[in-house]
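Nothing here was measured: the structure is a model prediction, and the numbers come from that model. Chain letters run A, B, ... following the sequence lines, proteins first, then strands; residues in each count from 1.
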There are 2 protein chains.
Amino acid sequence: MEAAHTNDVLYAGELEIRPGDGLVLAAGRALTVSVREFGLLVALVQRAGRIVSRGELYTLVWGSELRDGDRSIDVYVHKLRVKLETALPAWAFIHTHVGFGYRFSPEASHVFHNSTTPR
Amino acid sequence: MEAAHTNDVLYAGELEIRPGDGLVLAAGRALTVSVREFGLLVALVQRAGRIVSRGELYTLVWGSELRDGDRSIDVYVHKLRVKLETALPAWAFIHTHVGFGYRFSPEASHVFHNSTTPR
DNA sequence: CGCGGGCCTTCACAGGTCGTTCACACGGGG
DNA sequence: CCCCGTGTGAACGACCTGTGAAGGCCCGCG
C-alpha cells in the first residue's frame, strides 16, 4: 500500500493534486475520480518523468503483487486518460513505454491548432 | 465538537452565513435550518473547496466518532441540499466524491430546464 | 396534563458508481 | 501470417449514496 498520503500539493502542468484530500483539480476545476483512479494518479505523478512498471504500480496502489494476466492497470490508465483528456484536451499526461510500463509527464498533445505549448 | 462559532460572516456565492447567530441567508432571505443542519453547513463552508470525509464531519459536528453504518451525515447532507436547492435552484453547493466524502463549492447547476433552452 | 410540531436517528429500498474480468481490436515485429 | 503487448468497451456483482418514512424525544401551548 502507498505510504500515507502527505499533505503536500502536487502540481503537473494544469493539474493540481492534493493527496491528503483525494482531490484533483484540472485548470482549477475539481475532477471526479474514484479511489483507485486517484491512487494510481498519485503514484504516477509522484514518479513523474520516469517509467514505472505495472508491477510497481500495482504494488503501490493495490497493495499486493500483480498477478499474471491482470489487466487492471491498463484499464485504470485508460480511465484516467479519458478523464484527463476530457478536462485538458491540449495535454497528454500518461505515456506508454511498451514492454516497460507507463511514464507520467505533461506534454502538449498532438491536437490541431491550439495556442498552448509545452514548456 | 466544533469550536465556538466565530462571529465572522461566511460568504459563498449567494449564501451568507453568520456562525455566531445561527443565521443562513440565501440571496438575502433567511433560511430555516436546524442545529445539526447549521453545524454541518458551517463545517463544510469553512472547508470550502476541499473534500471532507464523513468521519471528519461527524467529529466536527456531532462531537464523537462516526460509527460504522451510521448514515446521519448522508441524511443531513440531503436535508441541506433540499433547502439550498429550494432557495437557489441555479446553484449546486455540496458535491459528493464517492469513497472520499463531500466538498462544498458553489457551482452553476447543470440543470437548465427553462422554456428558452432547446434540448 | 394532553396535544401538536419540530428535530434527530434509524430503516429500508432504490439507484448509481466502482472494481474486476472478459472479449475483441489493433499495431509492430518476427 | 502469427504472436505479443496494449487499447477499449461492456458485463456483472459488490459496495456506496440518495431518499422517503417511521419512531422516539423534547418542548411550548392550551
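If A:S72 and A:V33 are placed on DNA chain C by their nearest nucleotide, the residue sitting closer to the 5' end is A:V33. Between B:E37 and A:T32, the one whose closest nucleotide on DNA chain C sits nearer the 5' end is B:E37. Where B:V82 and B:G101 each meet DNA chain D at their nearest nucleotide, the meeting point lying more 5' is that of B:G101.
In this structure, CD1 on B:I51 lies 12.0 Å from CG on B:L44, to the nearest 0.5 angstrom.
Listed pair A:R67 / C:dT21 meets the phosphate criterion, a side-chain N or O lying under 4.0 Å from OP1 or OP2. Between D:dG18 and B:Y76, no contact under 4.0 Å exists linking OP1 or OP2 to a side-chain N or O. Considering only side-chain N and O atoms, A:W62 lies nowhere under 4.0 angstrom from the phosphate OP1 or OP2 of C:dG19. Under 4.0 angstrom from either OP1 or OP2 of C:dG19 there lies at least one side-chain N or O belonging to A:S34. Between D:dT8 and A:H78, a contact under 4.0 Å exists linking OP1 or OP2 to a side-chain N or O.
A:K79 places its NZ atom 13 Å from the P atom of C:dT17, with the value rounded to the nearest Å. In this entry the distance linking CG of A:D74 with P of C:dT20 reads 13 Å, nearest Å. In this structure, A:L40 atom CG and C:dG19 atom C1' are separated by 13 Å, rounded to whole Å. Distance, B:L80 CG to C:dC7 C1': 14 Å, rounded to whole Å. Counting to the nearest Å, the P atom of C:dG19 and the CD1 atom of A:I73 are 13 Å from each other. Atom C1' of nucleotide D:dT8 and atom NZ of A:K83 are separated by 16 Å, given to the nearest angstrom. Remark: P of D:dT17 and CD1 of B:I51 are 12 Å apart, rounded to the nearest angstrom. Counting to the nearest Å, the P atom of C:dG19 and the CG atom of A:D70 are 14 Å from each other.
Distance from the side chain of A:R36 is smallest to C:dG19 among C:dC8, C:dG19, D:dG18. Closest to the B:R81 side chain, of the nucleotides D:dC16, D:dG18, C:dT9, is D:dG18.
With A:Y102 as the fixed residue, the side-chain hydrogen bond (donor to acceptor under 3.5 Å, both in side chains) test singles out one of A:R47, A:H97, A:R54: A:R54. Checking each of A:L41, A:L40, A:V82 against A:V77 for a side-chain contact (heavy atoms from CB on, under 4.5 Å) leaves exactly one that passes, namely A:L40.
For A:R54 against D:dG5, no side-chain N or O and base N or O form a donor-acceptor pair under 3.5 Å. Contact of A:R71 with D:dG5 (side chain to base): no donor-acceptor pair of N or O atoms is detected under 3.5 Å.
When heavy atoms are screened at a 4.0 angstrom cut-off, B:V75 is found touching base atoms of the nucleic acid. Among the atoms of the strands shown, none is found under 4.0 Å from any heavy atom of B:F100. Using a 4.0 Å heavy-atom distance criterion, A:G99 is classed as a sugar-phosphate-only contact.
In terms of heavy-atom proximity, B:I73 sits nearest to B:Y58 at CD1-N, 3.8 Å.
Residue B:R29 places its CZ atom among 12 or fewer non-hydrogen atoms of other residues, nucleotides or ligands, all under 6.0 Å distant.
Below 30°, between 30° and 60°, or above 60°: for B:F100 and A:F38 the angle between ring planes is above 60°, a perpendicular geometry.
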